[in-house]
Amino acid sequence: MTSMKFANILLETNPRSVAYPALYCRSNQPVVFDKLIHEWKMYDAGTFDFSTYFNSLSVMKLKRYTRATGFTLHLELKGAACEVLQTMGDAFAHDPIPVEGASKKLEASTKWQTVDLPLTVTDDMVIVGFIIKTEGAVSIRNSYYELDVDGELNDVELVLSTTTFKKEAFIERNIDLVKNQIIGSNDSIADHFHMYVMDNGRTLDVEKLSGDRVQVIPNDNVGGAGGFTRGMITAMEQNPKATNILLMDDDVAVSPESIKRTYNLLRILKPEHREDMISGAMLNYEIGEDQWEDIGNMTQQGTFAGCKPPLRLTLFEDLIYNEMYTPTKWQRNNMYAAWWYCCIPISVIEKNGLPLPVFVRCDDAEYGIRCKTGFITMNSLCVWHMSFFERYNAAVERYQTTRNTMIAQATCGMAPGADFMRELHNNIRLELKKFGYANAELCLDAFEDFLKGPSFIKKPGQAEQSFMAANRNKEQLVDFATLQAQANQDPELAGFDIKEIDRQLIEGDKPRSLPERLEDLITDNNQRYIKKDGTGYAVIPLQGWLYPAGAIRGKHKLVVLDWYNRKGTIRVKDVKRYQQIKKRYARDLKYYKANIERIRKEYAEARSELTSLEYWKNYLKME
């Protein structure tokens, strides 16, 4: 039997802990860090509940995935008299439930007192935590959960690999956190950890940022797929060889404790789970208590989606839901862990090959589905990530996503039941209805590049060139001042005043009668069969998946706004351009139907080359 410190009781001073303290401790009195004496203080008499996202313990999953056999809470407290009580949550708990007989009282003391409270854990418990009831101010330090483990700890050499492109502020802050709180810590991870930063933009100061167990590697702009692949290769070839690699996006905020717990989890996994991927959650960078996704799946409609609904992690009942969620059969067969925080065993990479050279988008989804591992999620394993909704890019959503999902399905058999042709058709038609002709053409650019076969995508540099071309060809936005100046010169936009626009107007829609709905369906907003120029204008949001059908019908122009980034553009109905795009699409479909079997065969035959170490070393100029 072995004992190990598994999870520190976490109290932090960062923008998220200040704005969302209930991720750490729910209380009716303040919990404050005293900078003079470097101690956390629970001020005044009150109740301090640590049954939270970061400070509860996921005992149900620890029993399922690990060799943990016993659980102990270690606290160091000083100050007024207090009582420590164990709590738990079962399947139906909406608030922490005190565990009978699992408590300890402390008398007031000016010296530090140690509490080692054995935790009661039963089969119906999902998470456990604790509450401290104080009669006055109480300080807390050096507190953690300790586990008894059956057998010796697994040998783990963990690599953290991140790929960055001109995100200096994010990456430099995260490197600093890693150096100070992981490499500079007294925890076991410090001697079994490396961080590799693939600098695709070549903008980082290599000498300044590299150092003990941190290496910044200047890299060509090969996208996320190329950067993460280089991280995998570097991890496999380091000495000592890595056992696991944690892939993490650059534009994130991270708690080093999540990385420590990931390392500790790897050390105690049961043999049957050592080749599972660990999938960390994406919490909303702007609304830090909201979880967008911690495990994803490719839907039957050919779209990326989280398996779980959005959750609010300051709600105890959502902590329970998060741990208990059972994926559907479809989700299990088409599941992936996104690379904003994904820990992959090196043995899995050696068995399944390296990622596909697709630059960005779908690389992580394809890889997770290809490898068919188990997936482990757990409260407290996470990053805070910028919301995708607030950084919509047609070059990514219309070109990269369209092309890469088709390539992934043809090459590696990703999500064979997903209908990417249906998604292509819907996206083109949606863009055409909203006069987004440039973005509809991006969909066709992507489709045509897929039809060129693997010889096109495998050429070094082609992935970057294609993405840059998509960025040039996408609909270009201008700032609000320029947009207003353009509107002022257009008689059809008389009365448009950006200062009088609000989100309610941008995101609103109008009802349509059944005949109007049928007309829009048949005519694509009067651009086929019944062709009308339309009159007037409407204001609509930028995001491509939104369809304000009532607002746009019968209009000649659309003012499209990205309110979050204060940009927009003016679209003009163009029936002639609509017809040209439809003809091009019909021509592409004819070629697709005549050649798709040959194309799929070529992609499938190219799989071993495209995912090989030899190919990637040449691609990345590592020879």
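Side chains are part of it too, since the values below use all heavy atoms of this structure and drop only hydrogens, waters and symmetry mates.
- At a cut-off of 3.5 Å, with distance as the only test, no side-chain donor of R587 or Y591 sits close to an acceptor on the other residue.
- Taken from CG in L204 to CE in M198, the straight-line distance is 12.0 Å, to the nearest 0.5 Å.
- In this structure, Y578 has its ring center at least 6.0 angstrom away from the ring center of F435.
- The CZ atom of F467 sits 5.5 Å away from atom CD of Q400, with the distance rounded to the nearest 0.5 Å.
- Across all their heavy atoms, M406 and T402 have their closest contact at CG-O, 3.4 Å.
- Between K452 and D449 there is a salt bridge, since at least one side-chain N of the basic residue sits less than 4.0 Å from a carboxylate O of the acidic one.
- Side-chain atoms of R598 and N595 form a donor-acceptor pair, as typed in the model, at a separation below 3.5 Å.
- If you look at Y285 and F170, their ring centroids are closer than 6.0 Å.
- Remark: R230 is not positioned above the aromatic ring of W616, lacking an NZ or CZ atom under 6.0 angstrom from the ring centre and at most 45 degrees off the axis.
- Formation of a donor-acceptor pair under 3.5 Å by the Y537 side chain with backbone atoms of K555 is not found in this model.
- Checked by atom type and distance alone, the side chain of D318 pairs as donor or acceptor with a backbone atom of R312 at under 3.5 Å.
- Under 3.5 Å, the side chains of N427 and E423 contain a donor-acceptor pair of N or O atoms.
- For the residue pair K434 / N439, no side-chain donor-acceptor distance below 3.5 Å is found, with atom types taken as modelled.
- Side-chain atoms of E602 and E597, non-hydrogen and from C-beta on, never get closer than 4.5 Å to each other.
- Remark: I217 CD1 to R202 CZ distance equals 11.0 Å, nearest 0.5 Å.
- Looking at I171, D251, N174, N200 one by one, the single match for side chain to side chain contact (heavy atoms under 4.5 Å, CB included) with T164 turns out to be I171.
- The aromatic rings of Y325 and Y321 lie tilted to each other, with the angle between the two planes from 30° to 60°.
- With ring centers used as reference points, Y336 lies 6.0 Å or more from F375.
- Side-chain atoms of T523 and Q527 include no donor-acceptor pair closer than 3.5 Å.
- Between the side chains of N526 and E519, a donor-acceptor pair is found at a separation under 3.5 Å.
- Atom-to-atom distance recorded for W384:CH2 and I287:CD1 is 14.5 Å, nearest 0.5 angstrom.
- A donor-acceptor pair shorter than 3.5 Å cannot be found between the side chains of T569 and Q476.
- There is no side-chain donor-acceptor pair under 3.5 Å between D419 and Q301.
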